[in-house]
Each structure stands twice: as structure tokens, then as C-alpha cells.
Amino acid sequence: MRVRVDDDKCQGHARCHALAPEVFDVDDYGHSNVRHDGLVPAGYEEKVRLAIANCPEYAISEISVSE
Amino acid sequence: MDPAYIEDPFTIWDKLRVTCPVAHTERRGGAWLLTTYDDVTKAAHDINRFSSLEVGVIGADEEVEPDVLLPYGLPPISSDPPLHTWTRRLLLPWFSHTRIEGYEVMTRDLSRHLIDGFIAEGHADAAADYAQQIPVRIIAKILGVPADLSDTFTGWVRDVLEFADVKERAKSGGDAIVGYMIEQLLLRKEHPQDDLISELAHTIHDGEPVDDGVVLGIAGLVLIAGIDTTWSAIGSSLWHLATHPDDAARLVAEPELMDSAVEEFLRVYSPVTMARMVTLDTEFHGCPMHKGDKVLMNFPAANRDPEAFERADEVVLDRSHNRHVAFGSGIHRCAGSNLARMELKVALEEWLHRIPEFHLAEGAQVTWAGGQVRGPRSVPVVF
């Protein structure tokens with residue numbers, strides 16, 4: 001599973017960091033960065049799906065690995 | 001405002017959402033009330049048509065004279081880019097994750113101390129004796145002002161927000177905040193301390209020190225926006241638990257639900273509605289809007305929109321999909337949202353740890369404030 005955060009959409013709510021801190025890092029402004037180049041470590045897929053479903057800005061999306 | 005509307009605005013919003021989702025009122029100088037999740041979030045993102053130069057829900061029904069001491073208003077909340085962009089960047093690091101972790105210990109100690117003060121009596125006012133006492137002291141810490149003035153700060157902020165339609169009262173509260181901040185700013189120009197006002201007073205932006213008017217505006221905003229908003233959220237949540245013993249018992253038995261419960265309380269009891277000013281004659285959701293019209297982004301109503309949330313009117317403690325907009329959305333997302341979340345979580349955890357069973361006192365008069373910030377001002381409980 002691979003995910004990306006759209007920088008133009010992210011407004012620093014930091015819900016993704018709260019739900020999946022192993023995958024989403026936030027800076028001092030609350031803006032989210034995906035760790036590991038967007039590659040979700042095995043076992044964290046469910047947490048990442050929760051992060052996607054709780055982002056008020058619809059800023060996180062799953063990308064197909066071939067992209 | 002009509003007391004029945006303040007106590008239960010939800011039935012009215014539910015009707016409006018279906019029959020008249022972009023409702024127009026001639027009250028308060030003419031305003032549009034948005035009640036669907038889709039419209040509210042669209043307006044929040046459409047910063048070109050909906051300006052933040054006028055964000056007050058109540059008041060300003062006549063031409064307001066610019067405040068000589070606050071020529072920039074309260075940036076970033078009452079500004080559009082570019083002023084919004086750089087002032088927000090100055091403010092956000094004070095509410096970063098690492099800073100908030102630092103405030104957590106203090107919040108927990110404060111909550112425990114407050115409970116110590118009334119637990120032996122077997123009764124308390126969960127709003128006035130507890131919820132109201134917490135956020136003001138954390139904000140005082142951030143600003144670097146004395147916590148023993150908490151009641152004074154709370155009074156000023158209530159004058160500005162809760163009594164905004166009593167002109168003299170709103171003005172005296174606002175003047176008191178600005179007057180106090182000017183004193184504090186002058187002190188810190190000479191003797192900087194480790195606080196927000198000192199940092200702003202010594203910040204260079206575009207090669208120039210930040211204008212005093214901007215510093216006063218930001219400091220005033222932190223005081224106004226950080227106190228009765230969070231207090232309202234804590235109070236509403238405790239009111240819910242006092243009136244829904246099953247939910248209280250479940251949170252005590254399953255403390256791991258606290259994170260999702262906090263989000264759910266924020267969704268169902270969102271305190272804040274914000275206004276915008278229309279910048280040009282335009283059409284929104286089929287309605288003709290005119291330059292200068294006020295638009296009310298009713299976040300509390302948006303968060304109960306059944307098109308956006310299943311079982312929208314129910315508190316579902318383990319709700320897993322919750323894109324609520326209690327803190328707004330778009331570029332004006334509440335800068336202190338994660339401080340508020342921490343305070344709400346810690347306040348509820350500490351209360352439930354010490355007072356797992358409680359209910360409203362017999363004949364209790366629960367009073368609510370409405371308007372820009374909705375929340376209970378008195379919640380008498382026994383335990």
C-alpha cells in the first residue's frame with residue numbers, strides 16, 4: 001500500500017498523525033508528510049485507511065504502486 | 001436571542017437543511033445561514049468570494065469604525081491572504097505537537113487540583129467549577145500572563161463573544177483586552193520572556209519588526225479564541241455524560257475509546273459558528289448574494305448533516321469515520337485545534353477517573369450560551 005498527502009489540500013488538522021503516527025509525520029505547522037516515501041509498512045494498512053477516512057480536507061489518497 | 005433556540009437549535013437546523021439550506025434572514029443587517037456540510041465546507045474553501053474581514057456572527061449590523069489600536073483586526077482569523085499567510089505561520093508553532101505535549105502535564109495537574117477542590121462535597125458545577133477553569137489557564141501560560149487573572153480574562157472574553165449583541169458590554173470587553181495587551185507588550189519589549197507576546201514583539205518580518213498592531217491582534221485573538229470555545233466543548237461533553245449514563249459507563253470501562261469519543265463530542269456539540277463577508281455580487285447554491293452580505297458557516301449544523309454522517313444526531317463513541325469540521329476547514333482551520341483536543345481529552349479522562357458516576361442535580365437549571373460559541377454555562381451535577 002502506498003499513500004500520498006496533497007500539500008495543497010492539507011491544512012494541518014493532524015488527524016492522520018493522531019491515527020497513524022508510524023506512517024504520517026507532522027511539522028511544526030501541522031502539515032503532514034508520509035514517512036518511508038509513502039510506502040506503508042506491513043500491518044499498518046488499517047490505521048492508514050482510518051487516517052484517510054478522517055481527514056477533513058480529503059488530502060490523503062492511496063496510490064497504485066505502479067504510479 | 002430566543003432562549004428556546006439557544007437550548008435546542010438542532011431541530012430548526014434539521015428543518016432548514018431540508019427546506020431552505022441557504023436561508024436568508026433580515027436580522028442582524030441581513031445574513032445567509034448555511035446548514036449543510038457541503039455548503040459550509042465549500043464556503044470555507046472559497047476564500048475569494050467569502051472574505052474573513054468580518055467573522056463575527058453577532059454585531060456589526062452597521063458600519064464599524066476601524067479600531068485605531070487594531071488596524072489589522074485579529075490576524076490571522078480576521079484576515080485574508082497575504083496578511084493571513086504570514087501571521088498564521090508565526091502563530092502555528094505555538095500549537096505544534098511538541099508544544100502541546102508540553103502543556104499536557106500542566107493540564108492534567110490543573111484538572112486534578114480542580115477536582116480535589118469539590119470532590120468531597122459530592123456535587124459541583126461541571127461547567128463553572130471545572131470546564132470554565134481549564135482552558136483560560138493554559139492560554140495564560142502561552143501568552144505569559146498571570147493565571148490568577150483567569151476570572152478577569154474569562155469575563156472579558158464573555159463580554160466580547162457571549163454578549164456581543166450588548167454593544168457597550170462587547171466594546172468594554174474588547175477595550176479591556178487591548179489595553180491589557182498593550183501593557184504586556186510594552187513590558188516584553190524591554191524584558192523579553194519565554195512566551196508568545198515576547199516572541200512576536202521581537203520577530204522580524206520582511207526586514208521590519210512586526211507592527212505592534214499585528215502583535216496586539218494576534219495576542220488578543222489567542223485570548224478570545226482559546227477560552228470559551230474549549231470550555232464550551234468540555235462543558236457540553238460533561239453535560240452529555242451526566243445525561244447519558246450508558247456512555248459514561250462505557251468510557252470508564254473502555255478508556256481506549258476516548259480518542260474517538262473526543263472527536264464525536266466535538267462533532268455533535270461543535271461550539272463554533274463563523275461568519276464570512278461576500279466580496280462580490282454572486283450566486284451560491286442558486287441563491288443571489290450581494291457584495292457585503294454576511295454568510296454564517298454553521299459548523300455545528302454541518303456536523304449533524306445526515307448526508308455526511310450516519311446516525312448524525314446520535315453520539316456514537318466508537319465512530320470510526322468522522323470528518324467533522326468543528327475546527328473549520330480550509331486555510332482558517334482553527335490554529336489551536338490540537339490544543340483544544342488535548343484539553344478536552346485530559347479534562348474528561350481526569351473527571352471520569354475520579355468521578356465515574358454522576359448525574360444532573362435534581363431540578364438543575366442547565367443554562368446555555370448561543371451565537372458564535374455554543375456551550376453550557378452551568379451544569380450542576382451530583383456524584
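Per chain, numbering begins at 1; letters A, B, ... match sequence-line order. Quick caveat, the model's predicted, so the values are computed rather than measured.
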Kindly check if the number of other-residue, nucleotide or ligand heavy atoms within 6.0 Å of CZ (B:R89) is above 12?
no
Quick check: do B:P93 and A:Y29 have side-chain heavy atoms less than 4.5 Å from each other?
yes
Main-chain N/O of B:N322 paired with A:N54 side-chain donor or acceptor, under 3.5 Å:
yes
Counting heavy-atom pairs closer than 4.5 Å to chain A, which one of B:R323, B:H324, B:E263, B:H45 comes out on top?
B:R323
Residues, nucleotides or ligands: over 12 heavy atoms within 6.0 Å of B:E307 CD
no
Scanning both residues in full, the closest heavy-atom pair of B:H97 with A:A14 reads CE1-CB, 3.6 Å
Relative to chain A, which segment of B:R88 carries a heavy atom at a distance below 4.5 Å: side chain, backbone, both, or neither?
side chain
Any idea which heavy atoms bring B:Y37 and A:P56 closest together, and the distance?
OH-O, 4.5 Å
Counting only heavy atoms not in A:K47, do more than 12 fall under 6.0 Å of its NZ?
yes
More than 12 heavy atoms of other groups within 6.0 Å of B:H285 NE2
no
What part of A:R49 lies closer than 4.5 angstrom to a heavy atom of chain B: side chain, backbone, both or neither?
neither
Between A:D28 and B:T98, is a side chain to side chain contact (heavy atoms under 4.5 Å, CB included) present by the stated rule, with each step listed?
CA-CA 8 Å; A:D28 278 355; B:T98 37; 4.1 Å; yes
Please confirm whether the backbone N or O of A:H13 pairs with a side-chain atom of B:N338, one donor and one acceptor, at under 3.5 Å?
yes
With a 6.0 Å cut-off (strictly less than), is the heavy-atom count around OH of B:Y72, excluding the residue itself, greater than 12?
no
Between B:S320, B:S337, B:G330, B:S96, who has the most heavy-atom pairs with chain A when the cutoff is under 4.5 Å?
B:G330
Which atoms of B:H321 are under 4.5 Å from chain A, going by heavy atoms: the side chain, the backbone, both sets, or neither?
both
Quick one about A:Q11 and B:H332 (side-chain donor to acceptor, distance below 3.5 Å, no hydrogens or angles considered), yes or no?
no
Considering only NZ, NE, NH1 and NH2 on the basic side and carboxylate oxygens on the acidic side, decide whether B:R333 and A:E57 come within less than 4.0 Å.
no
